[in-house]
Amino acid sequence: MEEYNREPCPWRIVDDCGGAFAMGAIGSSIFQGIKGFRNAPSGFKRRLAGSLTTIQQRAPVFGGNFAIWGFVFSTVDCSLVYYRKKEDPWNSIISGAVTGGILAARNGLPAMAGSALIGGFLLGMIEGVGILMTRFNAEQFRQQAPVFEDPSVLGSSPPPFGNSASFQ
């Protein structure tokens, strides 16, 4: 339910774009650092320099690609919220499909359709897991109805408390 307590739509686009850039830059720094370290000439200093050079060259590019994806996704999501007048998982699923299609537009109609299907499917899976987790967590906080036991079902009744013969 965190996504429904986010910033209002014009600011959400900027927030998602910046968050996506940071996520892409940090994530790719790890992978590009490993790649640059492995591909550099032998020697620790050379490998470290190769790693840092590769990070400087490639991490901003990956961050920018993620930022573009975040921008398009949030823009479509906010547009759907405006037109549909409600925020629900369908907005995210449709936004993922439209974003996949828009970003693959340069490669032709078949690539657009394939990317749109993949984007919609992935966002559908993410939203589905989110709904399942919400329902699973909600079960923990549901109040249990008190169970009253019927004494006739329990079998023989215990001895009365006033019977002193049972203690001897």
Side-chain angles (χ1 to χ4, degrees), residues 1-40 47-146:
M1 293 307 240
E2 179 183 308
E3 71 181 52
Y4 300 114
N5 297 327
R6 298 188 308 174
E7 295 286 329
C9 260
W11 303 112
R12 184 183 305 181
I13 296 170
V14 175
D15 186 39
D16 287 350
C17 187
F21 176 82
M23 184 172 58
I26 292 169
S28 69
S29 293
I30 295 168
F31 291 108
Q32 296 301 322
I34 293 169
K35 179 183 170 187
F37 191 83
R38 288 182 58 205
N39 293 333
R47 288 187 184 270
L48 189 60
S51 176
L52 292 175
T53 302
T54 306
I55 290 171
Q56 287 175 342
Q57 291 174 349
R58 299 300 301 159
V61 174
F62 274 89
N65 290 340
F66 272 68
I68 290 170
W69 192 95
F71 175 77
V72 173
F73 179 86
S74 293
T75 303
V76 173
D77 191 37
C78 286
S79 300
L80 287 171
V81 168
Y82 177 76
Y83 286 117
R84 294 184 70 221
K85 303 288 188 227
K86 60 181 174 179
E87 290 193 37
D88 59 357
W90 285 109
N91 288 350
S92 294
I93 294 169
I94 295 168
S95 297
V98 171
T99 300
I102 288 173
L103 294 179
R106 295 176 63 188
N107 298 326
L109 197 57
M112 282 179 67
S115 292
L117 283 173
I118 291 171
F121 178 76
L122 288 176
L123 265 296
M125 296 298 290
I126 291 169
E127 289 294 326
V129 168
I131 291 169
L132 287 175
M133 293 300 289
T134 302
R135 286 188 181 173
F136 177 73
N137 289 335
E139 289 290 325
Q140 295 176 356
F141 299 109
R142 211 177 256 175
Q143 289 185 350
Q144 299 282 333

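Numbering of residues begins at 1 and proceeds along the displayed sequence.
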Pair listing, salt bridge (Lys or Arg N to Asp or Glu O under 4.0 Å) test, anchored in residues 15-29, at least two apart:
R6-D16
For residues 48-60, which residue pairs pass the salt bridge (Lys or Arg N to Asp or Glu O under 4.0 Å) check, not counting sequence neighbours?
none
Residues two or more places apart in sequence or in another chain: which of them pass side-chain contact (heavy atoms from CB on, under 4.5 Å) with V14?
none
Check side-chain contact (heavy atoms from CB on, under 4.5 Å) between I13 and all other residues, then give those that pass, not counting sequence neighbours.
F71, S74, T75, C78
Evaluate the side-chain proximity of R12 to D77: yes if any heavy-atom separation is below 4.5 Å, no if none is.
yes
Atom pair CD1 (I131) and CG (D88), whose distance is rounded to the nearest 0.5 Å:
9.0 Å
Any residue meeting side-chain contact (heavy atoms from CB on, under 4.5 Å) with A40, in chain and number order, not counting sequence neighbours
R47
Less than 3.5 Å apart, which donor and acceptor atoms pair up between the side chains of residues 22-32 and the rest of the protein, not counting sequence neighbours?
residue	atom	partner	partner atom	Å
S28	OG	G24	O	2.8
S28	OG	A25	O	3.3
S29	OG	A25	O	2.6

Once rounded to the nearest 0.5 Å, what's the spacing between atom CG of L80 and atom CD1 of I93?
11.5 Å
Could you tell me whether K86 atom NZ has more than 12 heavy atoms of other residues or ligands within 6.0 Å of it?
no
Kindly list each side-chain donor-acceptor pair under 3.5 angstrom involving residues 104-112, sequence neighbours excluded, with atom names and distances?
none

Set of residues satisfying side-chain contact (heavy atoms from CB on, under 4.5 Å) with respect to L103, sequence neighbours excluded
I68, W69, V72, T99
If you measure from OG1 on T54 to CD1 on I34, what distance do you get to the nearest 0.5 Å?
12.0 Å
According to salt bridge (Lys or Arg N to Asp or Glu O under 4.0 Å), who are the partners of R38, at least two apart in sequence or on a separate chain?
none
Might you point out which heavy atoms bring S115 and G100 nearest each other, and give the distance in Å?
CB-O, 3.2 Å
Before giving the answer on side-chain contact (heavy atoms from CB on, under 4.5 Å), spell out for L123 and F73 the whole-Å C-alpha distance, their side-chain angles and the decisive distance to 0.1 Å.
CA-CA 11 Å; L123 265 296; F73 179 86; 4.0 Å; yes
Separation between SG (C9) and CD (E87), nearest 0.5 Å, reads 6.5 Å
